[in-house]
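Have a look at the structure below, then the notes.
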Amino acid sequence: MARKSKYEEQCKGKSLTWNTALYIRLSREDGDKDESDSIVSQRDLLNDYVLRMPDLQVVDTFIDDGYTGTNFERPGFKRLMDGIRNKEVNCVIVKDLSRLGRNYIEVGNYIEQIFPFLNVRFISVGDMLDSVQNPAQMNTVMIPFKNLMNDEYCRDISNKVRASLDIRRKQGRFIGSFASYGYQKDQEQKGRLLIDEKAAETVRDIFRWFMEGSSIIGIAKRLNGLGIPNPSAYKRQQGLNYRHPQFETNDNLWPDSSVRRILTNRLYTGDMVQGRNKVKSYKVKQSVSVPAEHWIIVENTHQAIIDRDTFATVQDLLNRDTRAPAAQKEVYLFSGFVRCADCGKAMNRKHISQPYAEYSYFLCSTFKKMSKGACTKHTIRCDRLEEMVLAAVKKQIELAVSMDEVIEAIEAAGRSDRSSLLLETALAGHMKEKENLESCKLSLYTDWKNGDITREEYHTMKRQYDERVEYLTKTISHLSTEQRELLTQGMAGNPYTVIFRKHCNIVCLTRELVAELIDMIYVHEGGDITIRFKFEDEYKKAVEFINNNRDQAKKQRLPA
C-alpha cells in the first residue's frame, strides 16, 4: 500500500502543525481607506484567529503596503511564494479574498490550482474558507462570484479615480507626484505650481543656448561641464524621494533626451499640459503614450519661464534638420534654413581646405545623391550667402520701419477717418441685399396661397433664399468684425513691424536672429536667392491697412 503524503495526512486531521504565513495587503489605489482594512487591524485580526487554532504556527508575516490587487507583481507576495517553494510555508491565511487579490482570473488560479498543487492550506477568515477544514466549500460558486465582485469593485474604483483626476486636470490643477524641472509644488494651494528660480535659470539657459545655435548634445555637454545636476539628481538634492529608472547609470549627468524633453515641454509657457501618458487598464499597469491631440491642456495656469514666441521659435528649429558634426557643439548659422529653389530639397554644407584658402559652400542634396540629371548643383559659398541674407534682412528692416512710421501717422490722424470705404460699401451692399431677400421671403407664402406659384416652387425658392441669407449673415458678421478692428485697433502692434523694427542697426547675422525672422532661404542655379520671411500674413495686413487709408497717408504727406 502506497504511503500517504504529508498533505493527505494533514487533510485527515492528524495532529500536525501547519507552518503558517500571514499575508496582509493594503492598496491606496483600491480605495482601501477604512480603518478596518489597515495593516495593523489586519495583523491583529489574523493573529487573533491563529491563537484560536492550535494547529497553526506563524512562521512569518508578509506585507504589501500600497500595492494594487489587480496583479501579483508585489514584493511581499513574491517573497511568500519563495517561502512556499522552499517548503518553509504550507499554510496561507488572509483577512478576506480581496486581500489576496482583485484579479478574478489570477486569484481563482491560485486558490483552485497553484495552492492545491503545492500542498498549501488556504484560509480566508472573513469569508470563512478553509481548504482543509471544509474543502468542499472551496468548490462552491460563491468563491468565483466573490472574486468577480472584488474584480468589479477594483474596476469601478479605477474608473472613478480616473474620472476624478481628469476633472482636476481640466481645471488646470497639477496632479503629479513631482513637479517638472524648473517648478515646485505650492505647499499652500494644492494643485498649483510655483517657479523654482534656481532650476528655472537653467531652463532659460537651455532655451537661450539652443536659440543661439548650440546643438542638443552640445547643451548636455555644457551642462555637465558646468557641474549642474540633472533633473533627477536635483530633485533628490531638494529632499524629494524621486527615482528615475536610469538614475544609477547616468551618474547624475545630463543626457540629450532630458535637454530635448525640456525644449519641447509647453508647461514652461505657463500652460498646464497633462494626460500625455496613461496605463493600458486597471489590470495592466504598463504606461503608453497618448496622441498630442488628446492631451489635456489648460492655458495660463501658472507663471511662465519661457515666453510663447521663444518657445514657438524653438519648436520650429527642432523640426528642421539641425544636426551638428560630432566634434562641433554648435550648428551652422543657416542649418535647416537653406533649400534648393528647384527641387525643394535641403542643401548640404561642404567645407574645402586648400593650401591657399579654406571655404565652405552649399550644394543641392538631390544633385549629390541622385543621378546627375535629377537636379543641378545650385552651389553658393557660405560667406556670399551670409552677405546676401544680411543685406536682404537690412532692407526688410528698413521697409518695416518705413511702414511702421506710416501706420503710426495714420493712427495719430484720428480713428474716425480710417475706416475703409471698401469695407463700408461692401457691408452696406450686403445688408441691403439681405433686407430685400427677407422681404421676398415674406411675400413667397402669399404668392403660394394665391396660386401664383406651386408648392414645389415655393419650397425651392424658399430654400434658395434661406441659403443666400445665411451666406450674407456670415459675410456681414465677418465684415463688421474687420471694420470694428480697423476702427478700434488699427495696426498698432503689428507683429511684422514690431519684430523687424527691434533689430534696427544690426551689423551681423546670428542664429537667433535667423530663427526669428526667416522661414526659408531658396538658392537658385547661378547663385541668386529668394528669402521667405516670417510674418507674411502680418505684412499683408499692414500693406492692406496702408492702402485702405492711402488718402489719409497722403494728407500726412507720407509715402503710401
Gap between atom NZ of Lys432 and atom CG of Leu472 - 0.5 Å precision: 13.5 Å

Side-chain donor/acceptor of Lys190 to backbone N/O of Phe174, under 3.5 Å: no

Evaluation steps, side chain to side chain contact (heavy atoms under 4.5 Å, CB included), between Val401 and Glu405: CA-CA 6 Å; Val401 170; Glu405 291 175 352; 3.8 Å; yes

Closest approach of Ser443 to Cys440 (non-hydrogen atoms, all atoms of both residues): OG-O, 2.9 Å

Distance (rounded to the nearest 0.5 Å) between Ile521 CD1 and Ile531 CD1: 5.5 Å

Backbone N/O of Ser258 and side chain of Tyr181: donor-acceptor pair under 3.5 Å: no

Sole candidate of Val338, Thr379, Leu363 that passes side-chain contact (heavy atoms from CB on, under 4.5 Å) when paired with Met347: Val338

Minimum side-chain heavy-atom gap Leu267-Asp271 below 4.5 Å: no

Test side chain to side chain donor-acceptor pair (under 3.5 Å) applied to Tyr522 and His378, Arg532, Arg339, the passing residue: Arg532

Lys NZ or Arg CZ of Arg266 over Phe311 ring: under 6.0 Å, within 45°: no

Gln187 side chain to Lys185 backbone, donor-acceptor under 3.5 Å: yes

Side-chain (Trp254) to main-chain (Pro229) donor-acceptor, under 3.5 angstrom: yes

Derivation and outcome, side-chain hydrogen bond (donor to acceptor under 3.5 Å, both in side chains), residues Glu525 and Thr376: CA-CA 7 Å; Glu525 183 64 33; Thr376 55; 2.7 Å; yes

Sub-4.5 Å side-chain heavy-atom contact between Tyr359 and Asp383: no

Cation-aromatic face contact Arg381/Tyr361, 6.0 Å, 45 degrees: no

Residue Met520 excluded, over 12 heavy atoms near CE under 6.0 Å: yes

Under-4.0 Å salt bridge between Lys462 and Glu467: no

Residue pair Ile216 / Asp256: nearest heavy atoms and the distance that separates them: CG2-O, 3.4 Å

Heavy-atom pair with the smallest gap, counting every atom of Met272 and Gly172: CE-O, 3.6 Å

For the student: nearest non-hydrogen atoms of Arg276 and Asn265, plus distance: NH1-OD1, 3.8 Å

Check: residues 203-211 side-chain donor-acceptor pairs under 3.5 Å, at least two apart:
unit_1 : atom_1 : unit_2 : atom_2 : d
Arg204 : NH1    : Glu197 : OE2    : 2.8
Arg204 : NH1    : Glu201 : OE1    : 3.2
Arg204 : NH2    : Glu197 : OE2    : 3.3
Asp205 : OD1    : Arg208 : NH2    : 2.8

Sequence neighbours excluded, every pair satisfying side-chain hydrogen bond (donor to acceptor under 3.5 Å, both in side chains) that has a member inside residues 385-398: Gln396-Tyr496

Any side-chain heavy-atom pair of Asn300 and Thr269 under 4.5 Å: no

Salt bridge present between Lys434 and Glu438 (N-O < 4.0 angstrom): no

Test side-chain hydrogen bond (donor to acceptor under 3.5 Å, both in side chains) applied to Ser439 and Asn436, step by step: CA-CA 5 Å; Ser439 298; Asn436 292 336; 5.5 Å; no

Reported CD-to-CG distance for the pair Gln464 and Leu444, which is rounded to 0.5 angstrom: 10.0 Å

Nearest-0.5 Å distance, NZ of residue Lys534 to CD1 of residue Ile518: 9.5 Å

Check against ring-ring contact (aromatic ring centres under 6.0 Å, His included), Phe533 and Tyr539: CA-CA 10 Å; Phe533 288 98; Tyr539 167 77; 9.5 Å; no

Heavy-atom closest pair, residues Gly182 and Ile305: O-CD1, 3.5 Å

Rounded distance (nearest 0.5 Å) linking atom CG of Leu193 with atom OG1 of Thr301: 6.5 Å

Heavy-atom donor-acceptor pair, Thr460 side chain to Glu457 backbone, under 3.5 Å: no

Donor-acceptor contact present, side-chain Thr366 to main-chain Cys375, <3.5 Å: no

Ser289 OG to Asn277 CG distance, which is reported to the nearest 0.5 Å: 5.0 Å

Heavy-atom side-chain contact between Val523 and Cys340 under 4.5 Å: no

Ser402 (side chain) donor-acceptor with Leu399 (main chain) under 3.5 angstrom: no

Test item: Val498 and Asn494 side chains (from C-beta on) under 4.5 Å apart, heavy atoms: no

Set of side-chain hydrogen bond (donor to acceptor under 3.5 Å, both in side chains) partners for Asp196, sequence neighbours left out: Tyr234

Criterion side chain to side chain contact (heavy atoms under 4.5 Å, CB included) on Ile506 and Leu390, from CA distance to verdict: CA-CA 9 Å; Ile506 63 168; Leu390 178 59; 3.7 Å; yes

Stepwise side chain to side chain contact (heavy atoms under 4.5 Å, CB included) test for Glu516 and His503: CA-CA 10 Å; Glu516 187 173 15; His503 294 291; 3.0 Å; yes

Side chains of His302 and Leu194 in contact at under 4.5 Å (non-hydrogen atoms): no

Whether Trp295 side chain and Val290 backbone form a donor-acceptor pair below 3.5 Å: yes

Exceeds 12 heavy-atom contacts within 6.0 angstrom, atom CD of Glu293: yes

Flag side-chain contact, heavy atom, 4.5 Å: Ile217 against Val259: no

Non-hydrogen side-chain atoms of Glu212 and Thr510 separated by less than 4.5 Å: no

Minimum heavy-atom distance between Leu263 and Gln315, given as atom pair plus value: O-NE2, 2.7 Å

N-O pairing of Lys541 and Asp537 below 4.0 Å: no

Distance-only polar pair, side chains of Arg349 and Ser360, donor-acceptor under 3.5 Å: yes

Test item: Asn224 side-chain N/O and Leu253 main-chain N/O as donor-acceptor pair under 3.5 Å: no

Donor-acceptor pair, side chain of Arg511 and main chain of Tyr332, under 3.5 angstrom: yes

Residues Phe362, Asn348; criterion side chain to side chain contact (heavy atoms under 4.5 Å, CB included); working and verdict: CA-CA 5 Å; Phe362 281 98; Asn348 289 341; over 6 Å; no

